[in-house]
Protein chains: 2
Amino acid sequence: MTNEEFRAAGHTLIDWLADYRNRLAELPVMAVTAPGDIKAKLPAAPPIGPEPFGDIVRDLDGIIVPGLSLWQHPSFFGYFPSNGLLASVLGDFVSTGLGVLGLSWQSSPALTEVEEVTTDWLRQMVGLSAAWSGVIQDTASTCTLVALICARERASNYSLARGGLEGEQQPLIVYTSSHSHSSVEKAALLAGFGRGNLRLIPHDAEYGIEPAALEAAIERDLAAGLKPCAIVATTGTTTSTALDPIGKLAAIAAAHRIWLHVDAAMAGSAMILPECRWMWQGIEGADSIVMNPHKWLGIAFDCSVYYVRDAEHLVRVMSTNPSYLRSPADAQVKNLRDWGLPLGRRFRALKLWFAIREQGVAALQKRLRRDLANAQWFAGQVRAAENWRVLAPVPLQTVCVRHQPPKLEGEALDKHTLNWVDRINRSGHAYLTPAILDGRWMVRVSIGAIATERAHVEDLWKLMRQEAEWDR
Amino acid sequence: MTNEEFRAAGHTLIDWLADYRNRLAELPVMAVTAPGDIKAKLPAAPPIGPEPFGDIVRDLDGIIVPGLSLWQHPSFFGYFPSNGLLASVLGDFVSTGLGVLGLSWQSSPALTEVEEVTTDWLRQMVGLSAAWSGVIQDTASTCTLVALICARERASNYSLARGGLEGEQQPLIVYTSSHSHSSVEKAALLAGFGRGNLRLIPHDAEYGIEPAALEAAIERDLAAGLKPCAIVATTGTTTSTALDPIGKLAAIAAAHRIWLHVDAAMAGSAMILPECRWMWQGIEGADSIVMNPHKWLGIAFDCSVYYVRDAEHLVRVMSTNPSYLRSPADAQVKNLRDWGLPLGRRFRALKLWFAIREQGVAALQKRLRRDLANAQWFAGQVRAAENWRVLAPVPLQTVCVRHQPPKLEGEALDKHTLNWVDRINRSGHAYLTPAILDGRWMVRVSIGAIATERAHVEDLWKLMRQEAEWDR
């Protein structure tokens with residue numbers, strides 16, 4: 001493909017994408033594809049000769065789009081908002097089109113410096129002090145893995161330089177809530193702690209971690225000769241956006257010199273609203289934080305920002321310095337390969353830079369406030385309706401609900417819940433993801449796609465009542 | 001930004017990118033920016049109100065492009081080719097524009113199934129048997145970390161489900177060549193093995209690992225009561241594209257039931273040429289392989305493919321199954337979150353799919369053969385020139401050279417080498433990365449940017465002679 005063919009095909013695809021966004025609301029939100037359907041439509045072997053570009057575009061319409069669940073749809077209430085603001089989409093286009101890599105500062109200086117500046121803008125936007133330094137990673141799963149490895153190395157006084165975790169005499173222990181995200185357990189296991197050294201601490205009635213229970217667990221472990229290493233707290237859990245009491249956990253962490261990592265993947269975006277910052281009160285006492293601007297804030301995936309207070313420690317754990325990566329500038333610059341797992345890095349800061357500039361902080365705040373108000377309105381409707389319950393506090397944009405008709409309980413209630421959600425999802429009119437809370441299925445209504453206005457939430461509520469109550 | 005504003009701005013950026021590619025050859029290859037220059041041009045705080053989109057585009061020209069080292073430039077001979085074929089760039093645009101996520105198969109079925117099909121196409125293209133399953137990850141660093149964690153869990157019979165690595169009585173040992181990539185040591189340290197349990201095995205005269213030395217190291221460790229766990233071999237090392245003898249290593253691995261991971265990040269692309277497959281002869285005896293289509297093959301970064309023979313083991317190590325990620329389809333589909341570290345996944349297969357279809361296998365092969373021939377031509381010129389040496393075999397597209405005038409040795413020779421490379425890089429006419437081989441600086445000439453034709457290599461050779469010989 002020549003540059004001029006790229007120009008022509010690029011214009012075609014820009015129009016295709018703009019048209020796609022225009023017709024998004026009319027498409028079914030959840031793909032109803034059966035397993036293997038798409039595979040069956042694709043050739044089993046690669047083409048030897050070139051195919052016309054038009055054939056590829058044709059297949060986008062014929063094969064790809066019908067096989068997608070549409071995260072940008074105004075009636076997408078599943079999982080979490082993973083928003084692609086159009087300005088950030090354009091920033092990502094430029095990143096891919098430039099095709100430069102940040103192996104080191106020298107390998108494309110602007111890539112590193114724009115990342116330093118934009119992550120610092122974001123730091124200011126969420127009200128963190130200047131003690132924090134940020135770096136863009138792919139996902140919160142990776143950031144939490146990095147955090148637990150850093151905690152492991154601090155607690156073991158850099159065992160990686162000696163016999164590793166396998167050389168440690170005193171097992172290191174990780175603490176988290178039973179409501180923390182699955183990636184926390186995964187990170188602890190991958191970092192080598194083992195499930196036997198992971199403590200799932202009970203939660204209170206609002207699904208936040210119980211500090212007294214944490215304190216007791218730490219005392220038990222100390223008495224048993226084990227070494228408390230890390231606490232992973234959450235601001236905005238996945239199931240119900242519950243809030244762990246960061247200030248209290250920070251005090252416990254400080255008393256025992258335990259690493260405190262805060263998973264604010266979802267709720268971090270809300271911290272651009274000063275009225276939400278009580279939710280992570282005490283955050284300055286943490287050692288590391290992950291927040292995902294690629295969620296609610298609206299930066300095209302992937303853009304997960306990892307903040308640390310002790311950047312020197314992070315670099316000491318992650319750094320490599322082979323001769324083929326050295327440059328004369330090394331002493332004066334940040335080499336972000338030493339701030340995370342991968343060596344190769346895209347110019348991910350561009351999408352953050354484009355979006356913050358095109359939107360401005362005030363417009364981002366306004367949109368998030370719209371979503372918070374929609375969630376409160378929706379929760380109010382549910383609470384007022386007969387046989388419907390809101391099951392958890394609603395500090396953010398996720399509302400946990402159940403339709404609970406009289407005398408329906410246990411597995412029959414689960415079946416009812418999963419049935420009406422499945423009918424809604426299959427209808428294509430809205431997409432919801434069920435989850436288990438206190439041992440029973442319920443439905444998470446996650447509000448906050450960029451296109452979602454009050455009218456879409458109203459339509460959803462009508463649809464839910466219709467499908468759930470009809471089933472009776 | 002509305003959909004129609006996106007359309008207009010998108011067309012502007014497509015033209016900007018096409019124009020950028022057209023003028024790329026006239027721009028300096030390496031950025032001559034001083035540390036902090038770009039930061040100083042950007043506001044220290046984010047804008048409160050929106051900025052006109054035109055201002056952002058203006059800053060691309062004024063601030064960003066002058067701060068880039070240009071990996072797509074025809075005179076880029078640094079690091080490795082990280083090529084962005086224009087068709088793959090367009091595939092990535094579609095991925096970002098669609099804005100869908102693959103948390104699970106259900107969360108966008110086409111994302112998973114196109115990935116299954118395209119990684120299988122690539123498997124066929126490089127001549128691997130149908131016993132291998134592939135998945136796209138971000139980088140080889142991550143794939144090698146995944147491989148070493150999988151090796152650790154196989155050798156420890158899933159210690160992660162118990163006390164982790166810290167509960168193991170018998171330390172696990174990792175073996176690799178002293179010429180393996182820095183990411184191998186990094187992965188071993190992050191996975192918890194510790195530097196004390198990493199064996200750097202000596203290499204032979206051609207910089208491939210010495211099987212007898214490996215065998216001896218394993219015997220020593222067994223005699224000391226340690227447990228050999230993993231061998232990381234390389235097909236195409238970073239410094240000199242050296243080839244470890246995969247078949248011999250596979251036999252050693254099989255005899256001791258050690259995990260064999262093959263890092264073919266660079267040379268994997270070459271395996272689409274049947275005449276190159278001798279380079280990893282015996283590959284079917286490996287347990288895992290990483291190859292980076294985002295390098296020489298030309299897929300836009302990031303696209304690193306991880307192949308495994310025992311996918312069930314990978315999933316057992318990596319899987320999580322919280323309620324909020326379950327769907328009715330789970331029993332019949334692949335959930336690729338269980339094939340790597342991150343939960344969230346972009347639609348990365350689109351860029352691979354676009355590029356293979358638009359190019360066809362034959363055109364990809366033709367381009368790589370062009371680069372191999374250019375490397376041989378260049379090596380021939382160097383060998384024939386007075387006071388110039390080719391320092392390592394040239395099986396692929398990287399040529400290790402040194403200008404070695406009579407009586408110049410030791411640190412004076414190093415200084416000479418670094419000086420003439422620095423002059424070339426600062427001239428903006430070509431970009432080369434020096435590296436250390438056998439304790440002395442030399443220059444890696446890495447040929448294979450998409451735009452690099454014979455004439456560019458000829459120009460480089462002239463420039464090198466001029467700068468190096470002038471210094472005398």
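Within every chain, numbering begins at 1; the chains are lettered A, B, ... in the order of the sequence lines, protein sequences first and strands thereafter. What you see is a predicted model; the values in this text were computed from it and never measured.
- How far CZ of B:Arg7 is from CG of A:Asp19: 4.5 Å, rounded to the nearest 0.5 Å.
- In summary, of the residues considered (A:Thr96, A:Leu13, A:Asp92), a side-chain contact (heavy atoms from CB on, under 4.5 Å) with B:Phe93 occurs for A:Thr96 alone.
- When each of A:Val114, A:Leu17, A:Thr118 is checked for heavy-atom pairs under 4.5 Å with chain B, A:Leu17 comes out on top.
- In this structure B:Ser104 satisfies the side chain to side chain contact (heavy atoms under 4.5 Å, CB included) test together with A:Tyr79, B:Gln106, B:Ser107, B:Asn335, B:Arg337, sequence neighbours excluded.
- With a 4.5 Å cut-off on non-hydrogen atoms, A:Ile64 touches chain B through its backbone and its side chain both.
- Here CG of B:Leu145 is found 6.5 Å from CD1 of A:Ile149. Values are rounded to the nearest 0.5 Å.
- Ranked by heavy-atom pairs under 4.5 Å with chain B, the first of A:Asp59, A:Leu111, A:Asn425 is A:Asp59.
- Between chain A and the options B:Thr33, B:Leu42, B:Leu98, B:Leu198, heavy-atom pairs under 4.5 Å are most frequent for B:Leu98.
- Using a 4.5 Å cut-off between heavy atoms, B:Asp55 contacts chain A through both its backbone and its side chain.
- Summarising the geometry, atom CH2 belonging to B:Trp353 is positioned 6.0 Å from atom CG belonging to A:Leu60; distances are rounded to the nearest 0.5 Å.
- B:Phe354 touches chain A through backbone and side chain together, each having a heavy atom under 4.5 Å away.
- Rounded to the nearest 0.5 angstrom, B:Thr2 OG1 and A:Arg21 CZ are separated by 12.0 Å.
- Between the side chain of A:Gln124 and the backbone N or O of B:Ala44, at least one donor-acceptor pair lies under 3.5 Å.
- Across every non-hydrogen atom of A:Leu68 and B:Ala110, the tightest pair is CD2-CB, 4.0 Å.
- Using a cutoff of 4.0 Å between basic side-chain nitrogens and carboxylate oxygens, B:Asp120 and A:Lys39 are not scored as salt-bridged.
- Going from atom CZ of A:Arg357 over to atom CD of B:Glu51 covers 4.0 Å, rounded to the nearest 0.5 Å.
- Only the side chain of B:Pro328 comes within less than 4.5 Å of a heavy atom of chain A; its backbone N, CA, C and O stay farther away.
- One distance of note links CD1 of A:Ile63 with CD of B:Glu113; it measures 11.0 Å at 0.5 Å rounding.
- Only the side chain of B:Asp138 comes within contact range of chain A, with heavy atoms under 4.5 Å apart.
- By the 30° and 60° cut-offs, the orientation of the rings of A:His11 relative to B:His11 is tilted.
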